[in-house]
Number of protein chains: 2
Amino acid sequence: MATMPTTHDGSYDGARDAAQGGTRHRTHDVSGDAPVPDLSTVWLRVFLEVARHGSFTVAARTLGWTQSAVSRQVSALEAALGGARLFDRLPRGVRLTEAGRVLVPHAEAVAQSLHGAARELAALREVAGGRLRFGAFATADAALVPWALAAFRARHPGVRVTREEGLTPALLDRLTAGHLDLAVVSTTRPAPLEAYELHHLLDEPLYVAVPAGHPLAGHPRPVALGRLAGADWISGSPRPEGTLLDAVLRQGFRPRITHVVAEWTAKQGYVAAGLGVTLVPALAATSVRPDITLLRLRDEDAPARGVYAATVRGRSLSPAAQAFIGVLREAAVSAVPAATTASAAPVVPG
Amino acid sequence: MATMPTTHDGSYDGARDAAQGGTRHRTHDVSGDAPVPDLSTVWLRVFLEVARHGSFTVAARTLGWTQSAVSRQVSALEAALGGARLFDRLPRGVRLTEAGRVLVPHAEAVAQSLHGAARELAALREVAGGRLRFGAFATADAALVPWALAAFRARHPGVRVTREEGLTPALLDRLTAGHLDLAVVSTTRPAPLEAYELHHLLDEPLYVAVPAGHPLAGHPRPVALGRLAGADWISGSPRPEGTLLDAVLRQGFRPRITHVVAEWTAKQGYVAAGLGVTLVPALAATSVRPDITLLRLRDEDAPARGVYAATVRGRSLSPAAQAFIGVLREAAVSAVPAATTASAAPVVPG
DNA sequence: GCGATCGATGCGACAAGCGAATGTCTAGCA
DNA sequence: TGCTAGACATTCGCTTGTCGCATCGATCGC
């Protein structure tokens, strides 16, 4: 498996403090010399079973073993525990000694811990427990994530889900730092994301948002992007690189950015006022104000960006994360069908 | 706790799990299915150590193992836990997965239970914990047990001691029933006690209590028991068998019992009033009222009774019980030196 | 690029643990 | 009192598991 560490401090975040035990050395203890003996959990079943039945033979029968195995297991346990007899051997069975009586609750505690661990791990495996920490960018949060989240919570109510918002780069940083298990990100060029495992969700076309009265607003067919080369563009950043306009750059012309507006609602206002045009991802198409028209672009030069569920490469995916990727994919095809099939423009009639 | 009487009567109130056959393979488990507890405690140390250090190699160094052993232990653990990865293998070490993070507290709970068990067993072994339930007959409680009990409590303050009073037969019944760990009993003929392990404490001579004005009260030397053959005797039971007078029977004459008085203080009153004589064990010699004289009997026919710490034969003695027998022996030689050395009569001058 | 680091794995050896059979002890019974 | 049945302990082969050693593959820092 290929791995990609980038940031690995050699420790794990949660358990260091919980371990509380940089000072717990087993080599020599002060009083009692409690050596935490090397025991198999087999002894636990055997011990409790024998204690319950008061007989090696009966315990062996219920365990599916032979009597000699039980006898030796108990002997080994007694030897490992410092030689203290745990059972009095009687002619008609065995009987707990004081030491054995003392051991019973501890053995039961161990069994309970083991049982709880197995149960919790099983819950984790069946996506009935554990936690899922994910992040998503804004437009995904508008049209994709809610549906996926609803389906996930309905299907796996036991999973504790926490969500974050942020731009793709910030989410990836959170992912690398280990604060997120999964991030819904978008990119027009997957190259710089090679450090992450990208689970493809959908490729969403980018539409051009124009004011309702724009000359191209009534155009019956997808328009060529070049026809907008001379338009004023509104972007979230003064430089097109790294933004949605990155896709435009690869179409051969450098857009003239006249206004820098980051917030999505505000950006719509600028477009509606005729101050310029901007690119709108398909996921945001349903939340466009009515006095704006979205133009579909010609397939051959239509910019698109991919939406991915990103995880850290080499870091194991929890079953919950895998399941969440599944529902994200479902949401991608059901909530945004326009992204997969071409239809006539405009997408949303002004 | 249960299983007191004749060994296995049923079950102790405890965990009700187990009863799982095979099917521990990594097939799809239903949630809540019985766990797979076939693990060694070795994995526990390995897992926590690896989790703490974030490295197989470092964990191996601290454990005194090789890296390959740690690697395979972790792999075995992961396989035993259903195949879920517990660590992400990174180029610079390992990192807990979600499953591993879930497992940490359970593993620590197991370690804590094991540690607590070892500590409590060590305390038991060093007579620093546990319980001791003993019983004693009345005169032993007057002169022997208090000293032993004081020494024991001072030496082993951690042991929870419970005491019962009763006659020898009742104490032995309690012992057999499992309600006592040890019983201080007395007998003139140890034959019927063969079912028990008798730890000899002392042989106490029996004195004859006579009123201060009795003709033999001023006798300078031990008297022959036969000189009291014609006396009126006071006994705790209408028949001498099974009582202190049992010893007299073996001296050849059957005492004439004129008064039956069980309680010791009352019996003294009868003797002081000149209504008869009675036998007084040495342990009670110090608590005789001043108007009574105790006569030492000639060695050759002096009745004596043995005082023993009785335990159930074949039932293991707890270290606390063994220690208590020790202090009982110490108390026997220090508190009742008269029992071991012959001295001039009377024991207690009237 | 090259050495260093870290985990995984094949191999040989050793120890642990199992089943089957046998031994020992005791209670119950005639 | 002798016999039988039941229960735990022990011995004997054999399987299984686990460790150390050596090596491989992958990756990072210089």
Side-chain angles (χ1 to χ4, degrees), chain A residues 1-11 37-47 49-51 53-80 85-97 100 194-195 312-316, chain B residues 6-8 22 38-43 45-47 49-51 53-80 85-97 100 176 194-195 312-316:
Chain A
M1 65 186 70
T3 60
M4 164 32 233
T6 308
T7 59
H8 175 252
D9 50 4
S11 69
D38 276 357
L39 304 169
S40 167
T41 48
V42 176
W43 69 263
L44 195 155
R45 283 210 304 271
V46 173
F47 172 72
E49 209 65 28
V50 170
H53 293 104
S55 160
F56 284 14
T57 306
V58 176
R61 251 197 300 273
T62 64
L63 290 169
W65 290 5
T66 59
Q67 171 263 329
S68 77
V70 173
S71 173
R72 267 173 296 141
Q73 279 289 338
V74 173
S75 292
L77 175 61
E78 289 172 334
R85 296 291 258 195
L86 297 174
F87 296 99
D88 278 332
R89 273 69 166 182
L90 307 176
R92 278 294 196 247
V94 296
R95 182 180 192 283
L96 278 174
T97 64
E194 277 173 352
V312 176
R313 189 177 294 275
R315 191 173 299 178
S316 74
Chain B
T6 62
T7 68
H8 39 74
D38 209 4
L39 306 169
S40 166
T41 48
V42 175
W43 69 263
R45 282 211 303 272
V46 173
F47 171 73
E49 211 65 29
V50 171
H53 294 104
S55 160
F56 283 16
T57 305
V58 175
R61 252 197 300 273
T62 64
L63 291 168
W65 291 4
T66 59
Q67 172 264 330
S68 77
V70 173
S71 173
R72 265 173 300 201
Q73 278 290 338
V74 172
S75 293
L77 175 60
E78 289 172 333
R85 294 291 253 197
L86 297 175
F87 296 98
D88 279 332
R89 273 69 164 181
L90 306 177
R92 295 283 283 180
V94 296
R95 179 192 165 87
L96 278 174
T97 64
T176 303
E194 278 172 353
V312 177
R313 188 176 297 275
R315 190 173 300 176
S316 73

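Per chain, numbering begins at 1; letters A, B, ... match sequence-line order. Side chains are part of it too, since the values below use all heavy atoms of this structure and drop only hydrogens, waters and symmetry mates.
For A:Asp88 (side chain) and A:Thr97 (main-chain N/O), no donor-acceptor pair under 3.5 Å exists by modelled atom type. The backbone N or O of A:Thr57 sits nowhere less than 3.5 Å from a side-chain atom of A:Gln67 that would complete a donor-acceptor pair. In terms of modelled atom types and a separation under 3.5 Å, the side chain of A:Glu49 and the main chain of A:Ala59 share no donor-acceptor contact.
Summarising the geometry, the separation between CZ on B:Arg315 and P on C:dT26 is reported as 16 Å, rounded to the nearest angstrom. Put simply, NE2 on A:His53 is 13 Å from P on D:dA7, counting in whole angstrom units. In this structure, A:Arg313 places its CZ atom 11 Å from P of D:dT27, rounding to the nearest Å. A:Phe87 places its CZ atom 16 Å from the P atom of D:dA7, with the value rounded to the nearest Å.
Considering only heavy atoms from C-beta on, A:Phe56 stays 4.5 Å or farther from A:Val46 through its side chain.
Partners of A:Arg85 according to the side chain to side chain donor-acceptor pair (under 3.5 Å) rule, which considers only residues two or more places apart in sequence or in another chain, do not exist here.
Aromatic ring pairs are classed by plane angle as parallel below 30°, tilted from 30° to 60° and perpendicular above 60°; the pair A:Phe47 and A:Phe87 is tilted.
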Sequence-aligned protein contact record of nucleotides 6-21 of chain C, with B where the base is within under 4.0 Å of a protein heavy atom and S where only the sugar-phosphate is: SBBBBB------BBB-
